Amino acid sequence: MPGTLLVATHNAHKTGEMRAILASYFDEVTDLTSVPGMEPPEETGTTFAENSAIKALEASRKRPGVLVLADDSGLEVDALGGAPGVYSSRFSGEGATDASNRTKLLFELSRPEVAAEPRTARFRCVITIARDGEILASFDGAVEGRIASAESGTGGFGYDSLFVPNGHDASFGELSEAIKNGMSHRARALEKFREWLAGD
Ligand code: IMP
């Protein structure tokens, strides 16, 4: 299916990962930074699926005829009852940054009530495909791992420098892009999207 794929995000890291995985399927993979006046919609949903659909539908209504892909993703930490979940990007509150969210995560896991708990966690991602205000498909993906006791590595974004995927001793911040893109939650959801494209 050649043509343009619009990724409904302003997050250059997400777009970069999508482009690395999908470049051969489309003539062009763009994002909202190339579309003037596209403010991100409020993420009012309580699940990744709801927020992913909100983002995909909004962008697809504003760009008629264009195939839109939205991703909503986040980190679930078992010792925190699944938090930060859909609040991953806003975990440390107003003005949150990736760095302040990581600091907050380490602080929450150091609390005496949870400090002895296993640090198991997973990244989840739900991708929604839409065109002209209609949802065409959605796909999910997850990657299991654990939260390290300190940050390591400078690659990736968000919680990458704290997340050690199962089967590795290094964080996503230390592992190469190619390794992350071969096993991440986003890569797994995109793999299902590629199968859908192939059967389309
Ligand atoms: P969203 O842009 O509303 O989907 O928020 C996603 C948030 O989840 C990001 O701001 C990160 O904090 C976190 N996140 C999602 N995917 C990743 C990833 O691949 N690596 C690290 N953090 C991620």
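Residue numbers start at 1 and run along the sequence shown. Note that the structure is a prediction, hence the values are computed from the model and not measured.
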Side chains of F48 and E76 in contact at under 4.5 Å (non-hydrogen atoms): yes
Side-chain ion pair, R122 and D78, N-O less than 4.0 Å: yes
Over 12 non-hydrogen atoms of neighbours within 6.0 angstrom of CD in E113: yes
Candidate pair D31 and T15, rule side-chain hydrogen bond (donor to acceptor under 3.5 Å, both in side chains), full reasoning: CA-CA 7 Å; D31 68 16; T15 311; 2.6 Å; yes
Partners meeting side chain to side chain contact (heavy atoms under 4.5 Å, CB included) with V143 (sequence neighbours left out): F123, F163, P165, F172, M183, H185, R188
Pairing of E134 and R131 as salt bridge, 4.0 angstrom limit: no
Full working for side-chain hydrogen bond (donor to acceptor under 3.5 Å, both in side chains) between T103 and S100: CA-CA 5 Å; T103 302; S100 67; over 6 Å; no
CD/E177: more than 12 non-hydrogen atoms of other groups inside 6.0 Å: no
Close side-chain approach of V77 to I147, heavy-atom, < 4.5 Å: yes
Hphob cluster co-occupancy, I129 + V7, side-chain heavy atoms under 4.5 angstrom: yes
In one Ile/Leu/Val/Met/Phe/Trp/Tyr side-chain cluster, 4.5 Å: L67, V35: no
L75 with L106, same ILVMFWY side-chain cluster at under 4.5 Å: yes
Audit row: D71, L190, side chain to side chain contact (heavy atoms under 4.5 Å, CB included) steps and yes/no: CA-CA 10 Å; D71 138 300; L190 289 175; over 6 Å; no
Remaining members of the apolar cluster that contains I135, side-chain heavy atoms under 4.5 Å: L57
V86 reachable from I54 in the ILVMFWY side-chain graph, under 4.5 Å edges: no
Spacing of K55 atom NZ and E42 atom CD [to the nearest 0.5 Å]: 13.0 Å
Residue that, paired with D160, satisfies salt bridge (Lys or Arg N to Asp or Glu O under 4.0 Å) out of K14, R186, K180: K180
Hydrophobic cluster identity match, Y25 and L136, side-chain contacts under 4.5 Å: yes
